[in-house]
Amino acid sequence: MSKIRLVYLYLFAAVGLITVIVGTVRMVELGLKTFVFKDVDQYEIYPTKPVEGQIVESAEEMKQRQIRETTRNRQRDLVGALSMLIVGFPVYFYHWQTIQKENKRVR
């Protein structure tokens with residue numbers, strides 16, 4: 001096996017593995033935010049002084065808007081983490097298997 005091919009295989013196996021690790025960390029983070037530290041991404045919203053002609057939201061409407069935004073943010077985080085796992089695992093697996101096959105053939 002040529003040195004360049006070997007470097008390529010190890011490099012892409014590492015990239016795939018790092019992607020899987022980052023995706024897994026993001027999934028764990030999302031799980032902790034959702035089930036353990038439920039208020040971690042809740043922010044206080046302070047009403048601003050209304051501008052003339054502006055419709056003023058009630059505290060309940062602001063809270064509901066914040067809940068919807070938090071849900072959307074968590075869904076975005078989940079999509080990002082799953083994407084990393086879906087892409088990273090095959091990249092890692094393919095290149096690592098190729099390295100293993102090449103090593104068996106050389107021996």
Side-chain angles (χ1 to χ4, degrees):
M1 181 172 7
S2 73
K3 294 237 184 232
I4 293 173
R5 179 171 166 75
L6 185 63
V7 169
Y8 161 79
L9 290 171
Y10 275 107
L11 178 67
F12 274 85
V15 167
L17 185 59
I18 290 168
T19 305
V20 168
I21 291 169
V22 171
T24 302
V25 167
R26 290 181 65 187
M27 293 284 286
V28 169
E29 176 188 12
L30 181 61
L32 288 172
K33 282 181 180 179
T34 303
F35 300 112
V36 178
F37 303 105
K38 295 179 180 182
D39 291 335
V40 75
D41 43 75
Q42 298 295 320
Y43 301 98
E44 293 294 323
I45 298 176
Y46 300 102
T48 58
K49 202 184 245 188
V51 177
E52 187 176 327
Q54 181 183 16
I55 299 173
V56 179
E57 279 185 310
S58 69
E60 184 59 33
E61 289 172 328
M62 281 193 267
K63 183 165 180 62
Q64 291 303 316
R65 184 168 41 93
Q66 182 180 20
I67 289 169
R68 287 191 308 272
E69 186 63 29
T70 299
T71 301
R72 283 192 297 268
N73 284 336
R74 287 180 179 169
Q75 289 170 347
R76 283 185 207 108
D77 290 345
L78 179 62
V79 166
L82 285 174
S83 298
M84 290 182 134
L85 291 173
I86 290 169
V87 170
F89 184 73
V91 168
Y92 165 73
F93 187 76
Y94 170 77
H95 289 89
W96 190 250
Q97 289 297 340
T98 304
I99 291 168
Q100 297 303 315
K101 287 177 191 174
E102 297 280 338
N103 284 339
K104 284 181 184 175
R105 196 176 316 152
V106 171
R107 290 181 188 169

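Fair warning: this is a prediction, and the values are worked out from it, not measured in the lab.
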State yes or no: do [X] and [Y] share one hydrophobic cluster built from I, L, V, M, F, W and Y residues joined by side-chain heavy-atom distances below 4.5 Å, directly or via other members?
| X | Y | result |
| --- | --- | --- |
| V40 | V36 | yes |
| L30 | V79 | no |
| F93 | V15 | no |

Determine, step by step, whether E29 and K33 satisfy the salt bridge (charged side-chain N to carboxylate O under 4.0 Å, His left out) criterion, reporting the C-alpha distance in whole Å, the side-chain angles of both residues, the deciding distance to 0.1 Å, and the verdict. CA-CA 6 Å; E29 176 188 12; K33 282 181 180 179; 3.6 Å; yes
Could you measure the distance from the [atom1] atom of [X] to the [atom2] atom of [Y]? Nearest 0.5 Å is fine.
| X | Y | atom1 | atom2 | result |
| --- | --- | --- | --- | --- |
| I99 | F12 | CD1 | CZ | 12.0 Å |
| L85 | I21 | CG | CD1 | 11.0 Å |
| L78 | T34 | CG | OG1 | 8.5 Å |

Sequence neighbours excluded, the answer for side-chain hydrogen bond (donor to acceptor under 3.5 Å, both in side chains) partners of Q100 is none
Tell me, do [X] and [Y] make a side-chain contact under 4.5 Å, heavy atoms counted?
| X | Y | value |
| --- | --- | --- |
| R76 | N73 | yes |
| F89 | Y94 | no |
| V20 | M84 | no |

Steps toward side chain to side chain contact (heavy atoms under 4.5 Å, CB included) verdict (Y92, T19): CA-CA 9 Å; Y92 165 73; T19 305; over 6 Å; no
Step by step, work out the side chain to side chain contact (heavy atoms under 4.5 Å, CB included) result for Y10 and W96. CA-CA 7 Å; Y10 275 107; W96 190 250; 3.8 Å; yes
Taking all atoms of both residues into account, what is the closest heavy-atom pair of G23 and A81, and its distance? O-CB, 3.6 Å
Which heavy atom of V91 sits nearest to which heavy atom of G16, and what is that distance?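 Reported closest heavy-atom pair: CG1-CA, 3.9 Å.
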Side chain to side chain contact (heavy atoms under 4.5 Å, CB included) assessment of L82 paired with R26: CA-CA 9 Å; L82 285 174; R26 290 181 65 187; over 6 Å; no
Would M27 and D77 count as a side chain to side chain contact (heavy atoms under 4.5 Å, CB included) if you check the C-alpha gap in whole Å, the side-chain angles of each, and the deciding distance to 0.1 Å? CA-CA 8 Å; M27 293 284 286; D77 290 345; over 6 Å; no
Test salt bridge (charged side-chain N to carboxylate O under 4.0 Å, His left out) applied to E60 and K63, step by step: CA-CA 5 Å; E60 184 59 33; K63 183 165 180 62; over 6 Å; no
Give me the one residue out of M62, R68, E61 that meets side-chain contact (heavy atoms from CB on, under 4.5 Å) with Q64.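 The option that passes is R68.
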Looking only at side chains, do Y8 and H95 share a donor and an acceptor under 3.5 Å apart?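 Short answer, yes.
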